[in-house]
J.: 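Got a structure for you, questions after.
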2 protein chains.
Amino acid sequence: MKRDSRLSGVLHVLLHMAEHRHPVTSEALAKAMTTNPVVIRRIMAGLRDQGYVQSEKGHGGGWSIACDLSKVTLRDIYHALGDPSLLAMGNRTEAPGCLVEQSVNAALSKAFDDAEAFLLARFGEVTLAALSADFHRRMLARGGASHDLETIHAS
Amino acid sequence: MKRDSRLSGVLHVLLHMAEHRHPVTSEALAKAMTTNPVVIRRIMAGLRDQGYVQSEKGHGGGWSIACDLSKVTLRDIYHALGDPSLLAMGNRTEAPGCLVEQSVNAALSKAFDDAEAFLLARFGEVTLAALSADFHRRMLARGGASHDLETIHAS
DNA sequence: ATATCATGAAACATATGAAGTTACATGAAA
DNA sequence: TTTCATGTAACTTCATATGTTTCATGATAT
């Protein structure tokens, strides 16, 4: 299965935005992500609706953080993306008449549901602030280079 | 993401086969699964290679169980299918130069890897015999109807 | 022998959804 | 009023599970 990388992408964007005082345009973010500005706007739409980020039009416009990074977890961001599928596997039929398939579904569903709950719980343990802090640690370890988005991505 | 239902499908097939003494044809299995015989052969190929089932050509041919159901787990079957993706999500880039993305990847990869290990562990706890036993319990609860594949799926 | 049955495998079609792209309307700032 | 940036719709592209057709291979029954 082709993997959904929206969560990965949106986190990347958020952490870059956190390094900027001023709004960052979709175009600048897209360049850093090697993608298209519309893709950025698309994955940011849900976060804007939830108030995690805000967008401004016109000169000096762009995206900026609108929340306390220490209060928002990966799970919150996941929900803001619209709860995309976590698992690549699923049951063949949801409400089968066949008793065999009911047994199979029961066993698999339990495992699937538990795995999803497990993953969501993990997401809930990680705040955006923790991610950002980890980034700053890596930055220092590498020699404390610039926080600038373009500089980071130039390497 | 569209979900992969091969594991679900192959388990359904195996449990039906377990109810038959004689080989079951791909066509009969396909009819029960409302799919195509070639699809059956395709998902069974890996299991045959691993020796969990065997196939015979010609009159009276078809598929039959070739293993001890109490010794084979869902995890074994999963591997026989070729280790398909378990998670629908993944990192945007595997080996990013960007330190921000490295932080994101590190956090997500840990959660993803743990969730996969969790799910595989669950699979490893369930034997085919346990699934079959669960089916028989459901059968008795419903009044102990026929084990016949066609009868089961006629309902 | 040969007709029939069943698998094995290749080739192709279909469907779904993420990702990428284009185009244009909306609205804010210089 | 020109420029910039987002908002949104529509479209293309791509990957992959699933479905289908076709024919070769081999086993069994008559």
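A quick note: this is a predicted structure, and the numbers were derived from the prediction, not measured. Order of the sequence lines sets the chain letters (A, B, ...), proteins ahead of strands, with each chain counted from 1.
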J.: Within this structure, what is the CH2-to-C1' distance between B/Trp63 and D/dA27, rounded to whole angstrom?
T.: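 Those two atoms, CH2 and C1', are 15 Å apart.
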
J.: Provide, to the nearest angstrom, the distance between the CG atom belonging to B/Leu87 and the C1' atom belonging to C/dG17.
T.: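 It works out to 17 Å between those atoms.
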
J.: Tell me the interatomic distance from A/Ile43, atom CD1, to D/dT8, atom P, rounded to whole angstroms.
T.: 15 Å

J.: In whole angstrom, give the distance that lies between atom CG of B/Asn36 and atom C1' of D/dG19.
T.: 6 Å

J.: So that I know where these two stand, are B/His16 and B/His12 an aromatic pair - ring centroids less than 6.0 Å apart?
T.: yes

J.: Check whether any side-chain N or O of A/Thr25 sits under 4.0 Å from OP1 or OP2 of D/dT6, and answer yes or no.
T.: no

J.: Does A/Arg3 make a side-chain donor-acceptor contact with the base of C/dG17, cut-off 3.5 Å?
T.: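 Answer no: no donor N or O sits under 3.5 Å from an acceptor.
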
J.: Map A/His59 and A/Ala45 onto DNA chain D by nearest heavy atom, then report which one ends up closer to the 5' terminus.
T.: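 The residue mapped nearer the 5' terminus is A/His59.
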
J.: Taking only side-chain nitrogens and oxygens of B/Thr35, does any of them come within less than 4.0 Å of OP1 or OP2 of D/dT18?
T.: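 Looking at the OP1 and OP2 atoms of D/dT18, neither is under 4.0 Å from any side-chain N or O of B/Thr35.
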
J.: State whether the side chain of B/Ser64 and the backbone N or O of B/Pro23 hold a donor-acceptor pair below 3.5 Å, judged by distance alone.
T.: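 No; judged by distance alone, with no hydrogens or angles, the pair does not exist.
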
J.: Measuring from the side chain of A/Val38 (C-beta onward, heavy atoms only), which nucleotide among C/dG20, C/dT22, C/dA9 has the closest atom?
T.: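 Nucleotide nearest to A/Val38's side chain: C/dT22.
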
J.: Over 60° means perpendicular and under 30° means parallel, so tell me whether B/Phe118 and A/Phe118 are parallel, tilted or perpendicular.
T.: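 Parallel, since the angle between the ring planes stays under 30°.
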
J.: Any side-chain to backbone donor/acceptor pair from B/Ser85 onto B/Leu87? Under 3.5 Å, distance only.
T.: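 The answer is no, because no donor-acceptor pair under 3.5 Å joins these two groups.
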
J.: Quick one: look up who C/dA30 pairs with, Watson-Crick or G-U, both distances under 3.5 Å, and put none if it's unpaired.
T.: D/dT1

J.: Could you state the atom-to-atom distance from NZ of A/Lys57 to P of C/dA25 in whole Å?
T.: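 Taking NZ of A/Lys57 and P of C/dA25, I get 13 Å after rounding.
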
J.: What I want to check is whether an N or O donor and acceptor connect the side chain of B/Arg42 with the base of D/dG19 at under 3.5 Å.
T.: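 Answer is yes: a donor-acceptor pair is held.
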
J.: Find the distance A/Met89:CE to C/dT16:C1' and express it as a whole number of Å.
T.: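 Going from A/Met89 (CE) to C/dT16 (C1'), I get 18 Å.
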
J.: Return no unless some side-chain N or O of B/Ser55 is found under 4.0 Å from OP1 or OP2 of C/dA6.
T.: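 For B/Ser55, the contact criterion (side-chain N or O under 4.0 Å from OP1 or OP2 of C/dA6) is not met.
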
J.: Is there a side-chain polar atom (N or O) of B/Arg41 under 4.0 Å from OP1 or OP2 of C/dA9?
T.: no

J.: Relative to each other, are the rings of B/Phe112 and A/Phe123 parallel, tilted or perpendicular (30° and 60° limits)?
T.: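 Because their plane-to-plane angle is over 60°, the rings of B/Phe112 and A/Phe123 count as perpendicular.
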
J.: What is the separation between atom CG on A/Leu81 and atom C1' on C/dA18, rounded to the nearest whole Å?
T.: 13 Å

J.: Would you indicate, yes or no, if D/dA5 has its OP1 or OP2 atom less than 4.0 angstrom from a side-chain nitrogen or oxygen of A/Ser26?
T.: no

J.: On DNA chain C, does the nearest nucleotide to A/Arg6 precede the nearest nucleotide to A/Glu56 from the 5' side, or the other way round? Give the residue.
T.: A/Arg6

J.: If we count only N and O atoms by modelled type, under 3.5 Å, do the side chains of A/Trp63 and A/Ser26 hold a donor and an acceptor together?
T.: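 The criterion, which ignores hydrogens and geometry beyond distance, is satisfied for A/Ser26 and A/Trp63.
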
J.: At 4.0 Å (heavy atoms only), tell me whether B/Gly62 reaches a base, stays on the sugar-phosphate, or touches nothing.
T.: sugar-phosphate

J.: May I ask you to verify if any side-chain N or O of A/Ser5 is less than 4.0 angstrom from the OP1 or OP2 atom of C/dA19?
T.: yes

J.: Starting at CD1 of A/Ile40 and ending at P of C/dA19, how long is that distance when rounded to a whole Å?
T.: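 Rounded to the whole Å, the gap is 11 Å.
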
